[in-house]
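The chains referred to below are lettered A, B, ... by the order of the sequence lines, with proteins before strands, and numbering in each begins at 1. All values below were derived from every heavy atom in this structure, side-chain atoms included, with hydrogens, water molecules and symmetry-related copies excluded.
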Amino acid sequence: MTVRREPATPVLTVEDLSITFTQRGAAPTRAVDRVSFEIGAGEVVGLVGESGCGKSVTALAVMGLLADRNVEIGGRIAYAGTELLGLPRKRMRDLRGADLAMIFQDPLSALNPVVPVGRQITEMLSRHRGLRGRDADAEAVQLLGRVGIPDPERRLKEYPHQMSGGMRQRAMIAMAVSCGPRLLIADEPTTALDVTIQAQVLELLKDLVETEGTALLMITHDLGVVAGLCDRVNVLYAGRVVEAAPRHELFGNPVHPYTTGLLRSIPRMDGDRGVPLNPIRGSVNDLVAWADGCAFAPRCDRYELECLAGTPAVTELPGVDHEHRCVNPPGTPAVVR
Amino acid sequence: GGVGDDGGDDQTFIFGVPNLPRSLDPIFANDGETFRVTRQVFDTLLDHESGGNEMVGGLAETWDVSDDGLTWTFNLRDGVEFHDGETLDAAAVCANFDRWMNLPEPFHNTTVAYYYNNLFGSFTDGESSTGNDFLVGCSADGLTVTIQLKETSANFPGAFSMATTAILSPGSLEQIDDGAFTGIDDGLPDYTQDVTGILAGTGPFQLDSWNHAQDELTLTRFDDYWGDPAGVSRIVFKAYDDETALKQALEASEIHGYDLVAPAHVAELEAAGFQVPTRGVFNILYLAFQQETDEQLADLEVRQALAAAVDRQNIVDSLLPEGGVVATQFMPDTVAGHSDNVTTYSYDPDAARPVLEGRTMEFCWPTNVSRPYMPSPRDIFESIKADLEAVGVTVQEKPMEWANYIPAAASGECPLYILGWTGDFNEGYNFLGTWFANHTDEFGMNRDDIFAVMQRAAREGDPDARAALLAEASEMIMDELPGLPISSSPPSIVFSAEVNPPNVSPLTQEKFDEVSFR
Amino acid sequence: MSLLEVRDLKVHFPIRKGILLRRIVGYVQAVDGVSLSVDRGQTYGLVGESGCGKSTVGRAILRLNDITAGEVRLDGTDLAGLSTGAMRRQRHRLQMIFQDPMGSLDPRQNIESILGEGLAAHGMGGSRRERRKTLIDALDAVGLSANALARYPHEFSGGQRQRIGIARALVLQPDVIICDEPVSALDVSVQAQVLNLLEEIQEQTGVAYVVIAHDLAVVRHISDTVGVMYLGHIMEEAAADDLYAEPLHPYTKALMSAIPVPDPEVEAQRERILLTGDLPSPANPPAGCRFSSRCPWAQSTRCHDEIPALIEVRPGHRVACHWVEEIESGEIRPHEVEAEMVPASEIGVEIPTVEPPAVP
Amino acid sequence: MVRYVVTRLLQLIPTLFGLSVLLFIWVRALPGGPDTALLPENATAADRERLRQDLGLNDPIWVQYAAFLARLAQLDFGHTLRGRAVSTELAERFPATIELAFVAMLIAVVVGIPLGYLAARNRGRFLDVSAVGGSLIGICTPVFFLAFILKEIFAVRLGWLPSSSRLTPGTSYTDITGLRVVDGIITGEFHVAWDAVVHLILPALALASIPLAVVTRMTRASVMETLGEDFVRTAESKGLTARVIQFRHVLRNAMLPVVTAIGLLTGALLAGAVLTESVFAFGGIGSFLFQATQSRDYAAIMGTVLLIATVFVVVNLVVDLLYTVLDPRVTVDR
Amino acid sequence: MNLPGTATKAAKIDRLAELSVSSSDVRGRSLWLEAFSRLRRSPMAIVGAVIVSAFVIVAVAAPLLAPHDPTAQLWRGDVFPNRSIFVGPRAENPLGLDHAGRDLLSRMLVGARQSLMVGVVATLIGLSVGALIGGVSGAAAGMGRRLGRAVDSVLMRFVDMLLSIPALLIAISVAALLGPSLTTLMIAVGAAQVPIFARLLRGSMLAQSRSDFVTASIALGVRRPKVVVSHVLPNSLGPVLVQGTLTLATAIIEAAALSYLGLGSPDISRPEWGGMLADAQRFLGSAPHMALFPAVAIIITALGFTLLGEAMREALDPKLKK
Ligand SMILES: Nc1ncnc2c1ncn2[C@@H]1O[C@H](COP(=O)(O)OP(=O)(O)OP(=O)(O)O)[C@@H](O)[C@H]1O
Ligand SMILES: Nc1ncnc2c1ncn2[C@@H]1O[C@H](COP(=O)(O)OP(=O)(O)OP(=O)(O)O)[C@@H](O)[C@H]1O
Ligand SMILES: [Mg+2]
Ligand SMILES: [Mg+2]
């Protein structure tokens, strides 16, 4: 197993990112807790986890899109060496769209319903590339064509609701890549789509990364998508990375009980049908505060009292660039409950 | 704000009114707001003295009546010109009488020509629905007009001063096609609703324009007026829906005056430097006792007790404009026919209580109206109600909208109710005759002896004899007590400090030509 | 005869236009001739992409939609022909589990009344105490304790709510349960719990399921027989294992190849058939084979003018394709398909009608 | 589109027909009658009876209604009790109401939208609290009282603005459209236009109080909701300038519900005109209607209410059409 | 942290129970409870609730609080409205006297009761009639079938017709129809609200009848009428309740407008704030206290109801949750 890591500065470095929501009248909630990862050019890094584990918040923090009020962000986010946290608003605006771009989950709500799709693309071209009028239109047509939208000239004048889901997502992608960003964040780009369309969109993203060398942060809860696309995978649980490894390493040798649990609980197309699934107990809401121990402990088969002895430290598996946060990983004999 | 930007003699006098005229041709009208305007434009044969209620000459310089009271001779002023340039002569006057007598069928009832039907009622083809028929005809001789009557009536000579009998120019009459009028349901002729150049009178002002969209009617000075020319060059009558708006418009100097000032505003306006001249009283407010609707009221003792229970002096003092008096009978004391010997009823709750205690009575009052004789019916009602309750009467109040109130009162639906009347001209019969000439559902009074006296008065041509009859009737009425006269209140009118106000008339017949700017 | 037999079911929704007269200008052919049958203790899985008519089939079986044509036979009785009242009396035999576990539970009723409503409606369950016992048993069967009865839906987690939905269906001891996307709203970890539960219940009670889902893996896992739908038609139907082992219809092939597997090794080798374009609108489906507009194997003959019948090509394996054998034998090879532009008006997107806001 | 408009207008016919039946019965069921307005207090019972007969009020109601319809077929709304054609009265007075309602709506929109927008942007801050508080107080103050206070302050005490009328009484002007401001500008009589504007301010302010409050709060809520929409976040992620985001993405979408509200507010404005016009002696159809109700002027009531209902429906049709322009998702042919 | 050497299963579970977040916390509370808790945190709601409860308390306890008989013209000799002689606030009468020499404080207190009654009864009338029409319409539409749709469209045409007449006009004509009285006032104001409630309820019923739990009930074999009564209706009442609260404010203000137009309650023994204000208007120049107190009272009370209603609307609106 080779670890593909560029020696040069990664496009994105996230170090010890913590995000806390402080709402008036409620206890502060830490949505993301000391998350670190890097993405190099042409690399695809996955962020997987169930709903509410902090994936989107992380992405928004990178984009500088979290509201200023009621949010505390700690740690470090660097884009090609530029510190993003604390960057003047104006500078951040210049970066957004031009260097950092994002694709959102639901393309219908993410597109302005009352502005033609073409306009939503050209406004970006004119903002970052100074293209106007006919030039911008021509460029937009070209972009739409590139993401595989048939008859792009006509589509330019259409509104999002006049397009199908897959088409909208393509338009979103066309918009995101229009200014040649070096980092693309895709937040569940296919969750709202049908599988056949999902396949088309994933193919498109893959193609982009390969031809443009764009760094892609892929956020999804679908392990299948991760397995097909990501070079490196970070598994999140309750705001922390519980396991991070290159793709083959992670699927081949999952360590954290959460990761293994996920893998065992989903029916697979190629699996054995007769065997009952092996679900994780409880639900995401049954969790322990990280400060008190492993948040996953209540749902864990390998739970030991030891698991509650404070935040589990990061353990690195030697030689394979594989980290995890399990106190009681498989290999050590599990205590029968 | 600021009005009258022209300065000096050329200023526009703006007067706020609750309504604009119903018709510019006075024959169609019966309301004070119409006559307020038409009086400035048209003259009548007779008139009232400025600021008083004495009958004086109008277009007729002098007049005379035959001994039998049936032949009236009017000697017209010389050199009177109509607004359209025609000259006034007896023929012109008779042309008007001819017009009235020849009015076609749709006019033969009070729906249209209310006053003509009531005062003269004579038509050459057909009868008036009122049954009146007083007029024989009019003959002209130079400046002498002779009007022949069939019968005498208490309405003469007052009728000759009524605004409805104003004299229009013969030229106007030629252009008016009364035959085209088909009935009130089809609307009034255009010339009555807009200034179309048809109507010409002899008054100090002539019609200028009527802006319906802005509820403004404009008159301009007639420079060839036979009397002293008007003090202002233009009058604008502007309609307002409520009195508070009028008051604010006056205070903001947008208008120069308005009539029927709420008593509550009089002192306030005076204090603010406005002129609020006091009128003589010429109206009567009463509390009616319908004897047929409520059996209790058929009992004279109860009616007397009610009269003793109401503190009329308090109403006059606290709710009516200054200058009001407690009424002793159904007419103001300035009117001929007023008797000093009527039975009076003084406030004596202790005497009333034994009779009234424990009784329940229905009491109607109108909610959304203000009349010269009852500026705020609600306050008056409240006051009377408090008095009645003080002597143990349970008052079942029946408030009604004005549109509903009058029909209800007229049809005898209401046992107790408050209502009143402002005289048309200085004639006692114009008051008493309104209610007590025969049996009506308004009062439910069945006193044929009173009705007989009233009938005699109605036909009595001699003013003094008539006054005596009316005084007699008044005394009988106050013994019978079909209702309790409450007060005669002077309706207030207000003018801004920049104008010299006209003499105020108890008949609310102010002559606006007397107005001038200071 | 099977327990539940659906024959040539058609559900067409009229499309109305105009303000005053609301003329019918066309029909959405949501379901256009679907036949399927389920036996006691068996599970029939229905897969297909969004808008292909899966839910409509499910709802039509329950007579929650008007049926345009066709038969729905339960134990021989044609439900489609019953009067409303008679149908109502049959309802306890057919139950439904919904996708959105929260939305399908009345937030203002406690679990006892939610579960007991069906019993009351059918006069079942006897006395109050007996009825309560039935409810507790049902809750027990889905792994919830009796103290849930007094609680309200919002007090439960998503997985638990779905269990309540299942319990509600169970109390009536139905013969058939239609599960419309029973797990797609759940977290992946919870999804497995619910799938296991459904299987357990089937083992214990012998109830038959019609499971509707867009996730082929889920359907395959739980079903005995799987039907693949496309634009209101069933394209292929086979035993679950057979279907995966040997998909015959081009659409099934494409569908299966599009599903990613959480295994990089498999992913790396998986053969992909990438379809182009989008699902056409059921209001204006392609003539002939519904899939012809996107089919990489489509031929110039037959495909565009003749609707293929669902024919049994292998034992228990039925396919609606004119060229199955030729494709299997490699005689016909896939080719590039130009993505067609679907006119805006034909996308099955609901155009939001904008109601005026309440006047303050 | 044309079809839609025509159909919607045709739809108006049954609505107006139903409304006219309803009104006809209703109005005639009002106690009392027109006699109080037409006859003096001392008129006799016979006089009153005669009047009812002349007005056709003694006929069975369906006969009266048939007569009404027969006239209506010739676009004749009958005559007011004062003897003028209702249609003439409405034609003369309606421009006043239009002018007043339009200016009031203008105030509501021109002040309300920016205010609501700023309030939403500054949620919870002083501006927001005072805008919301102020608009609530605006809603909660009875219009006639507000009018009175406005007049007392600005007309009586300060003397800055007139308290009544559409123009200084006696002003001469050329009448073209009946809209004084417009006429003044068209004919070059700028002093008339200015005079009309000055006279419009207070009544329009009083009338605007409720729409202004509604528009402000509606805009605020709508902007707040829009700010939370995904596409705004998308716009941010595109690095667009704040101005483009605010105008193209936030405001345009936020305006949609406000536009509908504005259409519906027309009704409130026309009703508000009843009070406002009376209080300000403005002379539109509002005070006309009020007087007609008071004097039981049946023809006038019918005509005015039907006019108001028509206007309301037409304005909302226009709003619906406008909506299709603003929101491409909505087509007229629903 | 040092762990005890002997870790038992019980200890494990206890520790877990202690640490794991109580699930009911995360899963949220009932719609109402949640809405209520949001209400409690909203300053708008708090201010509104304080005003409203103060108003209700005063209204209920008015006869006990009123220092004088509100109808008695106790100080008849002191007040001469026509001479502009009034009695303002003084020790005996903290708010002064009205134009008939009655204690204004007592009248204000009793007026609170009348105003509350006008508001509540008018709202109830509007709500119940409107809800009846809307409910029947919504139920009919929700049931589907030709007849249902026909009933629905007939009712809705009627409501649309009413909606095209401005509310105040409806109120004016009702008031004129029934003659002036407190009852009239309540009916008139209520009638004007009927179409609004009808549309509102119908709209939310239609939305609710498309929801899954309604489908579920039908699938269970529950009869349609029962489905409507036990599921559709209860879940559609939220917006109606909010509108009801807002209508309370509107009613009090509209009552004032009707009084001003002379169509209010003429009942002097039971004064109502709107009527008092309309009545006092003409004395504003010389007796501002007479108008001031009712005006302020109306504004504040209406404000209270509006604040509460708006806060409720926000609390119930899932879109504005965050
Ligand atoms: N604005 C906010 N205020 C408070 N808490 C927030 C906010 N946004 C997100 N959170 C919380 O942060 C946590 C992480 O949310 P996030 O949206 O990143 O989840 P996710 O992993 O993207 O889930 P999903 O798969 O549902 O999109 C959640 O618990 C959420 O409740
Ligand atoms: N009541 C209805 N009226 C009109 N069209 C309808 C109606 N219900 C469904 N449709 C249409 O019928 C088609 C099939 O819908 P259906 O809900 O059965 O799809 P589905 O396969 O369940 O999709 P999904 O996976 O999105 O749930 C769609 O195009 C839909 O728009
Ligand atoms: Mg997310
Ligand atoms: Mg579905």
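A:Met63 and D:Ser237 get closest at one heavy-atom pair: CE-O, 3.6 Å. When every heavy atom of A:Ala110 is checked against every heavy atom of D:Thr234, the shortest pair comes out as O-OG1, 2.6 Å.
With a 4.5 angstrom heavy-atom cutoff, D:Ala235 does not touch chain A via any of its atoms. With a 4.5 angstrom heavy-atom cutoff, D:Leu227 does not touch chain A via any of its atoms. For A:Leu65, the part lying near chain D is the side chain, with the backbone staying farther off; criterion is any non-hydrogen pair under 4.5 Å. Heavy atoms closer than 4.5 Å to chain D are found in the side chain of A:Met172, but not in its backbone. Residue contact with chain D, scored on non-hydrogen atoms closer than 4.5 Å, involves the backbone and the side chain of A:Met124 alike.
Considering only heavy-atom pairs separated by less than 4.5 Å from chain D, the leading option among A:Glu123, A:Met102, A:Arg89 is A:Glu123. Residue with the most contacts toward chain A among D:Glu229, D:Arg248, D:Arg252: D:Arg248 (heavy-atom pairs, distance under 4.5 Å).
The shortest side-chain heavy-atom distance between A:Ser109 and D:Phe231 does not fall under the 4.5 Å cut-off. Considering only heavy atoms from C-beta on, D:Leu256 comes within 4.5 Å of A:Val114 through its side chain. Considering only heavy atoms from C-beta on, A:Leu60 comes within 4.5 Å of D:Arg233 through its side chain.
Here the rule is side chain to side chain contact (heavy atoms under 4.5 Å, CB included) with D:Leu240, and of A:Arg93, A:Arg127, A:Arg96 only A:Arg127 fits it.
Counting only N and O atoms by type, the side chains of A:Gln120 and D:His249 include no donor and acceptor under 3.5 Å apart.
With sequence neighbours left out, the salt bridge (Lys or Arg N to Asp or Glu O under 4.0 Å) criterion links A:Arg119 to no other residue.
Note that OG1 of D:Thr241 is 10.5 Å distant from CG of A:Asp94, once rounded to the nearest 0.5 Å. A distance of 9.5 Å separates CG of A:Leu125 from NZ of D:Lys238, quoted to the nearest 0.5 Å.
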